[in-house]
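Any value given below was found using the heavy atoms of this structure, including those in side chains, with hydrogens, waters and symmetry copies removed.
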Amino acid sequence: MLERIFIFLFLPSVLAAQLCKPDAPEGFKVRLSIKTALQDEAYEWDGNERFLFQATLAFAMSRHTRQEFNVSNILVCDETPRVSFWFVVTSPDDPSQLINRGKVEAAVRMSRNRINSAFLLSDETLEFVGILPTLAAPVEPASPPWLIVFGVVMGLVGAGIVFLLVSTVLQKRRKKNQEGDEGDDDEEARVKTAENGCRSDGIYNTSFSEDEPNTQM
Amino acid sequence: MAKDARDNWENPMQFVLACVSYAVGLGNVWRFPYLCQMHGGGGFLIPYLLMLVLEGVPLFYLELAIGQKMRLGSIGAWTAISPYLGGLGLASVVTSLYLCLYYNIINAWSFWYLFHSFQSVLPWAACPLNANRTGPSEECERATPTQYFFYRETLNISPSIEENGGIHTGQALCFLLAWVITYLFIVRGVKSTGKVVYFTATFPYVVLFIYLIRGFTLHGAINGIKYMFTPKMEELANPTTWINAATQIFFSLGLGFGSLIAFASYNQYHNNFERQAIIVSLINSGTSIFSSVVTFAIYGFKATVNYENCLERTRILLLNTFSLSEDSITIDNVFERIVELNTTHPEQFAELNGKLEDCNLESELSTAVEGTGLAFIVYSEAIKNMPLSQLWSVLYFIMLLMLGMGSMLGNITAIITPLRDFKVLSCISTEVFNGIVCFICLLLGLGFTTTSGNYWFTMFNDYGATFSLLFIVLIEVITVSYIYGIKRFERDIEDMLGHRPNWYWKIMWAGVSPLLLIGLFLFYIINYIQGGTPTYQAWNKDLGKSEQIEYPLFGQAFIGLLLASSVSCVPLTALYVFCQRRKHAQRHMQQHTVNTVAA
C-alpha cells in the first residue's frame, strides 16, 4: 500500500523527468541572453522567472489551440548557467502525452512578441532554437525616397540651365538692337562684332609656322 | 591693336582654382592611400615627393607655358609649335574624350548613393530580406551588406563582361543628371566655369577637415593612423614603389589630357604661371597626404569595429557551446578562455573547429582597397557604423561629387577648347556647341549604365588613358626640349613672365623628365607583354565575392583599339601633313614655272 502511495506521489515527477530531457523529440531548447540585452538592469534567472516562462508558454498554447493549458503542462529541465533549458508541453487531458512539436512551434510563432516582451527581450536575445523568427516586413514607401530628392535636384538644375540660356538670348537680342540704333559709323565696333561672331583667322602666331616661300630659295 | 576676342578668366584666382579643382580629384582620395599602404606607409612619401620635384612640377609648368603662350587649345597649340605634331593635340583630345565618357559614371554613382542617404536607415546598413522573410537574402549573407548594395542594387552587375542585361534605369537617371549638371557648369564656357570652381575647389577641403576631426574621435582610429605612419623602409628597395610614385604623380596632376593647355589658353598673356604651377602641384600633393590621413583614420575605425564584432561572435559561440554564464567571458579575455577551454574540454572544443573564426586586427588593417571599392564600399561601411550616419553619408558623397565634377570640368574643357579653335565650329554659339558635345558624350556613355557597365568602366579606366598619356607627355617634352628648342622656349617664357626660367627647370625638361618618362614607358610595355592576357574582377553572386577572369577576345580587341586609336593620331597626322605639304609644294612649283613663262 505504502509503495503504491509513493509511486503515485513520485509518478508525476518521474514522468516529467522522462518526458523532458535534452534532445527530447517533442522538446525545444531555449536560450536567453539577459545580460547582453539589459546589461545593468539584468535580472537573475530564478524560480520566479521560470514560473513566468511556464505561464507565458501556457498562454501561447491556450491562445493557439483553444484548449486550457496550465502551468503544470509546461515541463522545464536541464537549466544551465548560460540560462538555457529544454522544455516540453504535455496535453491538458493526459499529462503523459506530449503535444506535437509542430503545434508548439506554431503557438510560439503566433505569440512570439508577447513572450519576448514578458521578459523584456527580443528575437535575438530570447532564442527558441529551431524556430526562425518571422522578420518584420520592411516598410515600403509609396514612392522611393531617392526619386523625390532626384526630382528636386533635377528640377533645380533644369531651371538654372533654362534661366542661363534665356538670359543669353535676351542679352544677344539687346546687343543687336543697340547696334542697329548706333548705325555703321563706328568701324571698330563692326570689326569687333565680326570677330566676336565668327573667329576668322584668330590670333594665329604666324611667326612660329614654317614659311614655305622663304625656304624655296 | 585689335581687342582680343578670346574669353578670359576674370581673375588669376579663378585659373588657380580651376587647376586645383581639376588636379585634385578622386585619385587623391582613392589611389594615394592605397599606394601608401602598399608601399610602407610613411616611407612612401620619400619617393612621392622626389618624383614631384623631378617630373611633376616641371611638366605641369611646361603645359601651362604652352597654353598661355599659344592661346589655343591643344590641337592648335601643338600645330603652332610644329605643324607635323598637330596629332599630339588630337591624341590628347581623343584621350580626353574617352575619359569624359567613363568618368561621369562615377558621378552618377555618387548621386545614387547621395540620394539614397536620405532615409532613416541607410540601405547599405542591413541586408534586405529574402522571399520567405525568414532571413536576409543569400547573396547578401555571403557578401556584406555594403558590397551587396553596390554590386546588386546600384549596378545590378552581371556575372561577366559578355553577359549584358538592359540599362539600369536608376543609374541612367543619375547619369543624365550628372551630364545636365556638367552642362550647367560649362554652358557659357570659361565665364561659367570660372564661377563654379570657387565652390568645387574649396568645398572638398571643408568636408575633409570635418572628416578629419570626426575620424580622429572615432573609436579605434588611432590603430589605422599608427599603421599608416610606421614606415617600412625596406619597401624603398622595391623598384615598384618608385614606379608607382612616378605614375601617381603623373596621373594625379592630369598631364597630357590637354586640360591644362586649355585652361592656360584663357589666361592673360603676362600671368605669372610659374608661381601658380608650383602652388597647384604642392596643393595637389598636400591634399593626397591629407586625405590619406583621413582615410587611414577611417580604416582604423572600420578594422577595429570588424575585429570587435568578430570577437563578439566568437564569445557568443563559446558561451552557447559550453553553456557558460554570460559574464564568464568578456571581449577582453576571449583568447585566454579559448586556450583554457581547449585544455579543460578538448572533445567539445574539437567540434567547434570549423566554426571558430580567426580574429586578427592586423589582417583587417592590411586589407588594402583602392578605387571604387574604397570609395563606395569601404567608406560606406565605416559611415554606417558612425552615429548620425545619414549626415556623414550626405557630406561624404557631396565631397565625392565636388571632386568628380571639378575634374570633369577640366576634361570637357580639354575637348571643347581645341575644337572651338577650328573656324568651322566656332560659328556655332558656345551654348549650343557645348550642349551638343555633352549630349553626344551622354549617349555614348549610356553603355556604362548597363549591367555589364562596370566591367567596361574598369577596362576604360585601366587602359583608356594610362599608356597613351605617357606616350603623349613623352613626345611633348621631347618636342619642346629638342624640336622646338629650349632656347626658343626660354625666350617665350621671358616674353611672358619677364625673366628666364632658371637652370633647375631646364635640366628637368631637357634631361631628367624625359629619361624618367622613357623609363616608365618601357616599364609599362614590359608589364603588358609579361602580364599575359589582361584580366578583370568579376562579381560572383554565388560566392559573394569578386574573382579574376580573363577578358574575352572582343574585350582584348577593344583594349587594343583604345590604345591604338589615341597613340596612332600622332604618326598618322604627321604623315597626313607631310603628304599635304608635298602636294602643296608640287602645285607651287607648277605655278612658278607657269609665271616665268608668262613673264
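Around atom CZ of A:R63, more than 12 heavy atoms belonging to other residues, nucleotides or ligands sit under 6.0 Å away. A 6.0 Å sphere centred on CZ of B:F578 holds no more than 12 heavy atoms belonging to other residues, nucleotides or ligands. Residue B:K191 qualifies as open at atom NZ: its count of foreign heavy atoms under 6.0 Å is 12 or below.
Ring planes of A:F150 and B:F115: perpendicular class, angle over 60° (limits at 30 and 60°).
Heavy atoms closer than 4.5 Å to chain B are found nowhere in A:I131, neither backbone nor side chain. Using a 4.5 Å cut-off between heavy atoms, B:I181 touches chain A through backbone and side chain atoms alike. Within the 4.5 angstrom heavy-atom criterion, atoms from both the backbone and the side chain of A:T168 approach chain B. Neither the backbone nor the side chain of A:I148 has a heavy atom closer than 4.5 Å to any heavy atom of chain B.
Atom CG of B:L184 and atom CG of A:L165 lie 9.5 Å apart (nearest 0.5 Å). In this structure, B:W112 CH2 and A:W146 CH2 are separated by 4.5 Å, a value rounded to the nearest 0.5 Å. One distance of note links NZ of A:K29 with CG of B:N320; it measures 7.5 Å at 0.5 Å rounding.
Partners of A:S33 by side chain to side chain donor-acceptor pair (under 3.5 Å), not counting sequence neighbours, listed by chain and number: A:R82. Under the side chain to side chain donor-acceptor pair (under 3.5 Å) criterion, B:S429 pairs with no residue at all, not counting sequence neighbours.
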**Message:** Checking A:S167 against B:R188 for the side chain to side chain contact (heavy atoms under 4.5 Å, CB included) test, could you report, in this order, the C-alpha distance in whole Å, the side-chain angles of both residues, the deciding distance, and whether it holds?
**Reply:** CA-CA 11 Å; A:S167 69; B:R188 282 208 192 142; 2.8 Å; yes

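When side chains are defined from C-beta on, B:Q119 does not count as touching A:P144, because their heavy atoms never get closer than 4.5 Å.
Among the candidates B:V187, B:L173, B:L176, the residue making the largest number of heavy-atom pairs closer than 4.5 Å to chain A is B:L173.
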